[in-house]
Amino acid sequence: MNKLHVKKGDTVVVLSGKDNGKQGKVLEVSPKEGKVIVEGINLATKHVKPRRMGENGGIVKAEAPMYASKVMLVCPKCNKPTRLAHRFLKDGTKERVCKKCGETF
């Protein structure tokens, strides 16, 4: 069971590393590895060879995966980094709740 606290499309803030304090949107989540790819964060240089005639090669910057434990969710309502709480509804479904302001998202 490999569950993560973030989903694709969430806004997160980086807690540690070279991009500490930066915010970005989650592009991809890999629960099996416990990693996420965040837009504009953890950029790595990649040397790309031209594949077809006329196509350019060169050095490209691309987002590299980072551990999900290094990011914290940002509440869309209060715009603060927060932990998640869960609230169970009467029909048995679960919703995500901000620990700081109590709003659902």
Side-chain angles (χ1 to χ4, degrees):
M1 194 166 124
N2 300 320
K3 294 190 84 170
L4 295 180
H5 63 285
V6 290
K7 290 182 181 179
K8 184 178 176 181
D10 285 344
T11 305
V12 293
V13 64
V14 180
L15 299 175
S16 65
K18 64 180 181 184
D19 294 317
N20 185 13
K22 291 184 183 176
Q23 283 191 9
K25 194 171 137 185
V26 176
L27 299 175
E28 202 174 311
V29 178
S30 178
K32 191 174 183 182
E33 296 173 335
K35 293 187 177 186
V36 292
I37 296 177
V38 184
E39 186 177 33
I41 307 289
N42 198 23
L43 292 174
T45 54
K46 195 174 179 182
H47 295 262
V48 180
K49 240 179 167 178
R51 294 287 170 209
R52 291 186 212 97
M53 286 287 289
E55 188 178 293
N56 289 334
I59 300 170
V60 177
K61 289 198 177 273
E63 290 98 355
M66 63 190 307
Y67 284 106
S69 60
K70 287 188 163 199
V71 297
M72 185 178 253
L73 197 65
V74 175
C75 176
K77 307 285 190 229
C78 61
N79 212 19
K80 293 180 184 172
T82 181
R83 283 185 170 178
L84 272 181
H86 289 94
R87 184 185 301 152
F88 290 94
L89 301 175
K90 295 207 188 283
D91 60 346
T93 57
K94 191 163 63 169
E95 65 182 4
R96 305 193 305 167
V97 180
C98 173
K99 282 261 192 179
K100 298 216 172 162
C101 66
E103 288 290 324
T104 63
F105 54 96

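Note that the coordinates shown come from a computational prediction; the quantities given were computed from them, not determined experimentally.
- Residues V36 and F105 share a hydrophobic cluster, clusters being chains of Ile/Leu/Val/Met/Phe/Trp/Tyr side chains in contact below 4.5 Å.
- Put simply, OG1 on T104 and CD on E95 are 5.0 Å apart, with the number rounded to the nearest 0.5 Å.
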Which donor-acceptor pairs under 3.5 Å do side chains of residues 9-16 form with protein atoms, sequence neighbours excluded?
residue	atom	partner	partner atom	Å
D10	OD1	R96	NH2	3.0
D10	OD2	K7	N	2.8
D10	OD2	R96	NH1	3.2
D10	OD2	R96	NH2	3.2

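- Residue K32 places its NZ atom among 12 or fewer non-hydrogen atoms of other residues, nucleotides or ligands, all under 6.0 Å distant.
- Counting all heavy atoms, side chain and backbone alike, L84 lies closest to H5 at CD1-O, 3.2 Å.
- Cluster membership for V6 and M66, using ILVMFWY side-chain heavy atoms within less than 4.5 angstrom, is shared.
- Minimum interatomic distance between L4 and A68 (heavy atoms only, all atoms of both residues): CD2-CB, 3.8 Å.
- Among all heavy-atom pairs drawn from M72 and P81, the shortest one is SD-CB, 3.7 Å.
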Pairs under 3.5 angstrom only: tabulate donor-acceptor contacts from the side chains of residues 38-52 to other protein residues two or more places apart or in another chain.
residue	atom	partner	partner atom	Å
N42	ND2	A64	O	3.2
N42	ND2	P65	O	3.2
R52	NH1	E55	OE1	3.2

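- From L27, atom CG reaches atom NZ of K25 across 7.5 Å, with rounding to the nearest 0.5 Å.
- Contact record, E33 with Y67: O-CE2, 4.1 Å, taken as the closest heavy-atom pair.
- Distance check: E103 CD to C78 SG gives 8.5 Å after rounding to the nearest 0.5 Å.
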